[in-house]
Amino acid sequence: MSGTDGRSGAGSGGTDAGGSGRDGGDSARTARGGGDAAAAPPAVTTPRGRRPVVAALMLGMALAAIDGTIVSTAVPQIVGDLGGLTVFSWLFSGYLLAVTVTLPLYGKLSDTFGRKPVLVAGIILFLVGSVLCAAAWNMAALIAFRIVQGLGGGALQGTVQTIAADLYPLKERPRIQAKLSTVWATSAVAGPVVGGLLAGYADWRWIFLINLPVGAVALWLVVRHLHEPSRPRPATRPRVDWAGALAVFATGSLLLTALVQGGVAWPWLSAPSLGLLGASAVLAALTVVIERRAAEPIIPGWVWRRRTIASVNLALGAMGLLMVAPTVFLPTYAQSVLGLGPIAAGFVLSVMTLSWPVSAALSDRVYNRIGFRRTAMIGMSAALLILLAFPLLPYPGEPWHPALLMLLLGAALGLFQLPLIVGVQSTVGWAERGTTTASVLFCRQVGQSIGAALFGAVANGVLAARLLDAPVDGLPGDLDAVTRALEDPGAFSAAATDHVRRAVDAAVDYVYIGAAGAAALALLALITLAPRRFPIITEPTEPTEAAGTAGAPGRQDAAS
């Protein structure tokens, strides 16, 4: 693959604001000739040929999607068997860290060597990690093997999204993206149920072993049915920027460790937090130096120099930030303030996953008329209003109040996220799509980690301030500790219980106000950075309106 950094030809996005088509739509450009941007379009183009590949993608995505929810329900059994109560949170933090920091590497590898070998390696690594987790003999071993799982999960998340964009032309991509969104929605509901059944009636080790048949089928389908076309041999042997990969991995690991453990394992202003944050800043500067000198950097500079990609990265990073409010704090609100049980509290959150894929599937009817940017702005504007409405809910309120807001929030975010992902993938050719997709997912994951740390500090600060004048002494000032105490009916008097519930209500309200601020940041990124029209590339093998048949270059306008 030849260098594409800074190229202004087809696929470079060097003229992000230009284009033709209706006002507010998205401009279209055709990738012609033998340029890298369109060097290897997908070979599987017929619906019949795509079906087994799509099934493999959905199964692969299911492995990554169900992982967190199915493990969380088995934590009591795992801790009871292996011990390690003080460090069990690393079962999730270690996995998340491994997924996040490897996304850029897998994106670059898929652009350099093809999607199939990266996806196959990711599935195998995930299954090996699953077997090792099932065989873990103590908590330290299980955490280490969860990191191995995460190394495979990073390849699954990024590569599945990239192949989905490879397989379908622009106008058909909402179908596959809606299917993948449905996988996430189904996993959010099915994961806790399956995990609870296996932990309660079998053994917690089965929550990892159940991945084996699913992964084996996905692996067989990929090997058998995903056929990438042969690409021209590059003039020089492809080089992997291993120094950059190591620098990105080290920087991300230290930063995410500081964000995840700060305020939990140690105070924010303690030596561990300050040391990790300082070291991550130094490594970040070193990473920039290494990547600027690399011939094929893991995170190329054009990811941030192109307005379209940079604006989408920032907008989805802000979305990751705001997603912490419903996914992390809403269950706490439902149990501590509304008095619901874990299952009912989970349902209040799960309604968001019902409206999200439906909205995403229908979003093409909007962005085909008014463009990707305007559609995303409408979705995030609605999300902003919904988040601001949460603090206005009555106390203690009814369960359907937050459930209705989450139903609307899912619809709004479906209208926001999918047009941006489809749009940004359509502005690059094959040889840059893996890197672009990985950068988007990486920013979203980092946003979630920052959000968890930031909003956790906000919630605990508000809670501590509200509990200073509590009618009883000795109340814990930590949100998790207060939540656990509220589960014991005899822990507080009636007056103290009401005071504590109101304190939790206020803490979650402030988190939602902060999430609304993140929504405003996403809107700001789109308004100030995103071009009015996304510069769409029509690859030669995609069916186009001008050509009418696959294989002929033509114009494909997202606003037509």
Side-chain angles (χ1 to χ4, degrees), residues 1 3-5 64 90 93-115 117-122 124-126 128-129 132 140 143-159 162 234 236-261 272-273 275-304 313 317 431-432 434-450:
M1 167 178 154
T4 58
D5 194 5
W90 273 100
S93 302
Y95 178 87
L96 174 65
L97 186 151
V99 168
T100 303
V101 299
T102 55
L103 277 169
L105 173 61
Y106 288 128
K108 185 63 178 180
L109 290 178
S110 72
D111 282 344
T112 305
F113 300 105
R115 326 292 192 213
V118 175
L119 183 57
V120 168
I124 292 175
L125 196 55
F126 190 91
V128 169
L132 293 174
I143 291 171
F145 298 148
R146 283 281 290 166
I147 294 175
V148 175
Q149 256 193 325
L151 297 177
L156 288 173
Q157 289 195 27
T159 312
T162 305
T236 58
R237 183 178 179 181
R239 289 179 292 177
V240 179
D241 178 24
W242 292 115
L246 180 61
V248 170
F249 188 91
T251 303
S253 298
L254 291 183
L255 177 60
L256 291 178
T257 300
L259 293 174
V260 170
Q261 295 299 307
S273 281
L276 287 171
L277 290 173
S280 62
V282 172
L283 283 176
L286 179 62
T287 301
V288 171
V289 174
I290 293 174
E291 294 297 84
R292 283 184 172 179
R293 296 180 178 180
E296 293 289 344
I298 295 297
I299 304 180
W302 54 259
V303 167
W304 293 106
N313 282 345
E432 296 173 344
T435 298
T436 300
T437 303
S439 72
V440 169
L441 299 179
F442 176 77
C443 289
R444 189 180 65 186
Q445 293 281 78
V446 171
Q448 288 180 332
S449 299
I450 295 175

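The backbone N or O of I299 lies less than 3.5 Å from a partner atom in the side chain of E291, making a donor-acceptor pair. No side-chain donor-acceptor contact under 3.5 Å links T437 to the backbone of G434. Between the S439 side chain and the T436 main chain, a donor and an acceptor come within less than 3.5 Å of each other.
In this structure, L246 CG and L286 CG are separated by 9.5 Å, a value rounded to the nearest 0.5 Å.
Nearest heavy-atom pair, T100 versus F442, reported as atom, atom and distance to 0.1 Å: O-CD1, 3.1 Å. The nearest pair of heavy atoms linking G244 to I298 is C-CG1, 4.1 Å. Looking at every heavy atom in both residues, L277 comes nearest to A258 through CD2-CB, 3.7 Å. Closest approach of S280 to L254, counting heavy atoms only: CB-CB, 4.0 Å.
Two residues are said to be in side-chain contact when any heavy atoms from C-beta on lie closer than 4.5 Å; E296 and T112 fail this criterion. Using a 4.5 Å heavy-atom cutoff, the side chains of T257 and L97 are in contact. Contact of the R115 side chain with the V118 side chain is not registered, since no non-hydrogen atoms from C-beta on lie closer than 4.5 Å.
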* CA sep, side-chain torsions, deciding dist, call: T287, T251, side-chain hydrogen bond (donor to acceptor under 3.5 Å, both in side chains) -> CA-CA 8 Å; T287 301; T251 303; 3.1 Å; yes
* Check step by step if side-chain contact (heavy atoms from CB on, under 4.5 Å) holds for T435 and V303. => CA-CA 8 Å; T435 298; V303 167; 4.0 Å; yes
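Listed by chain and number, the residues in a ring-ring contact (aromatic ring centres under 6.0 Å, His included) with F126 amount to none (sequence neighbours excluded).
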Contacts table for residues 148-158: side-chain donor-acceptor under 3.5 angstrom, sequence neighbours left out:
residue, atom, partner, partner atom, Å
Q149, OE1, R146, NH1, 2.9
Q149, NE2, S130, OG, 2.9

